[in-house]
Q: 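Structure in structure tokens, see below.
Chain A is the first sequence line, chain B the second, and so forth, proteins listed ahead of strands; every chain is numbered from 1.
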Amino acid sequence: MNYEVTEENGVTCIKINLKRATVDVVKEFKAFLFDIIDNQQKKKIILDLSNVEFVDSSFLGAVVSGLKKVTSIKGDIKVVELQPPVRAMFELTRLYKVFEIFDNKQDAINSF
Amino acid sequence: MDKITLYVPSKIENIHFVSDVTEAFSRSRIKFENEQRETDFMTDLKLIIYELFSNCVLHGNTDKIKINYDIVNDHLEIRIELVGKGFMIKPVKLLSHQKDTSYYPPYPAEIHNDEFILYHDSENEVLCKVLGEKELFFKCIKLPEENAEIENIPEHYGIMLITSLSEHFSYKRSEDNVDIFFLKKSIKEFI
């Protein structure tokens, strides 16, 4: 399963089980994320990237689309456990300025 | 002989293969100073090649992509060729004298030597200079830092990543309508 969803204290955690989160999966990921926001009406979302070794800009673009959608209904997406190349990508794209990034899931849950 | 040429069907599922070949080429040709330098270089390179190849597949309207790798004077050179529809200049922000339109080659004479903004965020802009009917040069410039508002942040970063992680990025359409993207990445800081 590429995306594993768990619920804890009203927070939805999506664990990405892909080593490379890239353009070839972006369509299915975006549909999956939008379904959680639009149809399941989840507003507090954590993206667990601990298994991801590399992300490209298409995948990040989908995450940004999700963030724009969820913030318009007063929700948020927070990201946790970034491996160094993934963290580098958040820095290069300046997305660390708009996403709250945590070292572990529990801190992210507590921050909502 | 350092040069290698790869012909790949223009399909998005080939992107990991292309990335792996690009890494393998670099590892076999470059003697890195240490493991950290190698990791840093490979991270940059992967970002570049994912953006280059995926954009050629998604926007190139072609069935085959040719990729050349070479090491020349402390630079890794990547040259991508495809028989496509040409690079479309589509500004994200207009200067006062510019029209709200997009351009395919041959680019009209009135825009030669003009610069168009193809990407804008709170810290960077990517400019594309029109060098002639069928030639462009891209560069990333730093801006005075602004606040990043969620609704204004871009969702497409390809051209910014390619230009900020390389020393040279240009485009040319040949007389027989082959689109050629040429990129140079310095290896000096990593060896």
Q: For B:S19, which atoms come within 4.5 Å of any heavy atom of chain A: side chain, backbone, both, or neither?
A: side chain
Q: At their closest point, which heavy atom of B:C56 faces which heavy atom of B:T62, and how far apart are they?
A: O-CG2, 4.4 Å
Q: Could you check whether B:D114 and B:Q98, counting side-chain N and O atoms only, form a donor-acceptor pair closer than 3.5 Å?
A: yes
Q: For chain B, find its close neighbours in residues 86-97 of chain A: heavy-atom separation under 4.5 Å, sorted by number, or none.
A: A:M89, A:L92, A:T93, A:R94, A:L95, A:Y96, A:K97
Q: Students often mix this up, so state it plainly: with edges at 30° and 60°, are the rings of B:F41 and B:F190 parallel, tilted or perpendicular?
A: perpendicular
Q: Quick one: does NZ or CZ of B:K129 land under 6.0 Å from the six-membered ring centre of B:F138, within 45 degrees of the ring axis?
A: no
Q: Pick one of side chain, backbone, both or neither for A:V63, based on which atoms fall under 4.5 Å of a heavy atom in chain B.
A: neither
Q: Taking all non-hydrogen atoms of both residues, which atom of A:Q83 and which atom of A:S50 are closest, and how far apart?
A: NE2-O, 2.9 Å
Q: Return the set of residues passing side-chain hydrogen bond (donor to acceptor under 3.5 Å, both in side chains) with B:K188 (not counting sequence neighbours), or none when no residue passes.
A: none
Q: Report yes if the distance between the aromatic ring centroids of B:Y50 and A:F54 is under 6.0 Å, otherwise no.
A: yes
Q: Classify the angle between the aromatic ring planes of B:H168 and B:F182 as parallel (below 30°), tilted (30 to 60°) or perpendicular (above 60°).
A: perpendicular
Q: Identify the heavy atoms of A:A21 and A:F59 that sit nearest to each other, and give their distance.
A: O-CB, 3.3 Å
Q: As an exercise: rank B:T43, B:L161, B:D121, B:I15 by heavy-atom pairs under 4.5 Å with chain A and give me the winner.
A: B:L161
Q: Parallel, tilted or perpendicular for B:Y171 and B:F87, by the 30°/60° rule?
A: tilted
Q: Is there any residue in residues 31-48 of chain A with a non-hydrogen atom under 4.5 Å from a non-hydrogen atom of chain B, and which ones are they?
A: none
Q: Just give me the residue among B:D40, B:V57, B:D20 that pairs up with chain A most often, heavy atom to heavy atom, under 4.5 Å.
A: B:D20
Q: Where does A:S65 contact chain B at under 4.5 Å (heavy atoms): side chain, backbone, both or neither?
A: both
Q: Pick one of side chain, backbone, both or neither for B:D44, based on which atoms fall under 4.5 Å of a heavy atom in chain A.
A: neither
Q: Under the side-chain hydrogen bond (donor to acceptor under 3.5 Å, both in side chains) definition, can you give me all pairs with a residue in residues 23-32 of chain A, not counting sequence neighbours?
A: A:N2-A:E28, A:Y3-A:E28, A:T22-A:D24, A:D24-B:H16
Q: With the side chain counted from C-beta on, respond yes when B:L127 and B:F116 share a heavy-atom pair under 4.5 Å apart, and no when they do not.
A: no
